[in-house]
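Worksheet: the structure to be examined is printed underneath.
Each chain gets a letter, A, B and so on, in the order the sequences are listed, and its residues count up from 1.
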2 protein chains.
Amino acid sequence: MALKIRNSNNHKNELTRDRLLDEAEDLFSQRGYHAVSVREITKAAESNLAAVNYHFGNKQNLYLEVFRSRWLPRASQIQQSFKQSLKNSGNPTPTMVVQSFARAFLEGPMSADERTRHFKLISGELVQPTEAFELVVEQVFRPLFGKFLEDLRKVMPDTVDEKQMILNVFSILSMVLYFNFARPLITTFVGGQEHNDIETRLVDHIVQFSLSGVGSVKEEVGK
Amino acid sequence: MALKIRNSNNHKNELTRDRLLDEAEDLFSQRGYHAVSVREITKAAESNLAAVNYHFGNKQNLYLEVFRSRWLPRASQIQQSFKQSLKNSGNPTPTMVVQSFARAFLEGPMSADERTRHFKLISGELVQPTEAFELVVEQVFRPLFGKFLEDLRKVMPDTVDEKQMILNVFSILSMVLYFNFARPLITTFVGGQEHNDIETRLVDHIVQFSLSGVGSVKEEVGK
DNA sequence: GTCTATAGCAGGATAGAC
DNA sequence: GTCTATCCTGCTATAGAC
């Protein structure tokens, strides 16, 4: 899957080190750390087997460098996108806060492939944390989570207490991550067809669901 | 983590094949398929290196058998729990449907360790699908998802259209999976302390959030 | 900075004795 | 059904020529 368009042409002009990082990210995101060999990475990068050790010392370090030099910057982009979108929206409402957040994750400047790589990498860390997890939590999740919580609290009534707010944020985050992360599952249900506008649809849904749940309920009516 | 209590004593009375499955499940769930070696599994099961090949043919098959003979039955338990809980609740309301669903996943008869193993295994498949994924989707997710969708539709107004309902179900499922699956992340935020009653708290939250979102909003008020 | 060659080892798998 | 011994492949990592 994901046609390799970027091969020969781009490779010529890119430094070995960068090509290694690109291919490593691609392969690690697709199949995880342990299922990918250094041989495979160097071959994909059209470089020598020894290149990984020369440029990064060892495999583990290459993996970490993928997070440091590729993943973190993209996470910053998402964060920036969230802040900007919120700033541009003027007087913020709950809708705007949630919408900005969801958009930053599901839409934004990244290409679909890039986003897929991005979220597959972090999904791997969520399931099987390595050293990179710590890095990512401290530098990305904690500040982002904090800001979102703060922004949301500002526009919510004071009747909503702190713990409830935290769980609310987790719930929204769960959807945002999940709709990126569980694509295989979603695809098997919704099917591959559907409108390409799916991202917008998802954002709308997340906003709506976050603000009012499944919709107007007819409680106590039964059957 | 997860003290090994079940070692020597239980091992004596259990068949090699079962011990292999137990230990395989434990190790695969903790670190994933590729990071675990057959040597490690047989050692943990206090059996011989050749035992895996004798009983299961190869490593991949052992992994699949873990899903077939350990994971699927537990998934059935969850499914049963959902159905029972719903039946017992008499005239169903949206609250009851969502609550039954969330409870089946987050509470229920499994031990905490068992549930952790269960969800770490499926998380791995969601991120890096193997042959087991197909099995699990067809035999568990599709029917469960279908039933939940159906039950929920019965108690929702007809104004909610089909696609919206599907997204609603995904959103609820996302929370339910996420609160099991992203424990490392949640733990780093909420901290390890807190009440042991956390499961009940989470179920309450999911129900509340699913039905009415973040809570009564003060829209258009700003700041 | 890139290459070849190879060390050195861990992995899955099997043959064959018991 | 369990064991030992062993094969063989594939891996990471490094030494050293260019």
Would you mind reading off the distance between [X] atom [atom1] and [N] atom [atom2], rounded to a whole angstrom?
X       : N      : atom1 : atom2 : answer
B:Arg39 : D:dT4  : CZ    : P     : 13 Å
B:Asn48 : D:dT6  : CG    : C1'   : 13 Å
B:Leu49 : D:dC7  : CG    : C1'   : 13 Å
A:Asn58 : D:dT14 : CG    : C1'   : 12 Å
A:Lys59 : D:dG10 : NZ    : C1'   : 12 Å
A:Tyr33 : D:dC11 : OH    : C1'   : 11 Å

Side chain to side chain contact (heavy atoms under 4.5 Å, CB included) with A:Val140: which residues, sequence neighbours excluded? A:Trp71, A:Leu72, A:Ala75
Taking only residues two or more places apart in sequence, or in another chain, which ones meet A:Gln208 in a side chain to side chain contact (heavy atoms under 4.5 Å, CB included)? A:Ser212, B:Gln164
Comparing B:Tyr54 and A:Arg17 on DNA chain C - which has the more 5′ nearest nucleotide: A:Arg17
By nearest nucleotide on DNA chain D, pick out whichever of B:His55 and A:Glu40 is the more 5' one. B:His55
Earliest and latest nucleotide of DNA chain C, 5' to 3', sitting under 4.0 Å from a non-hydrogen atom of chain B? C:dG11 to C:dT14
Any pair with a residue in residues 135-144 of chain B that passes salt bridge (Lys or Arg N to Asp or Glu O under 4.0 Å), sequence neighbours left out, goes on the list, sorted by first then second residue, please. B:Glu138-B:Arg142
Residue pairs passing the side chain to side chain donor-acceptor pair (under 3.5 Å) test where at least one lies in residues 75-89 of chain B, sequence neighbours excluded: B:Ser85-B:Ser100
What is the distance from atom CD of A:Glu14 to atom CD of A:Glu46, rounded to the nearest 0.5 Å? 11.0 Å
Just jot down the ring pair (Phe, Tyr, Trp, His ring centres under 6.0 Å) partners of A:Phe141, sequence neighbours excluded, or say none. none
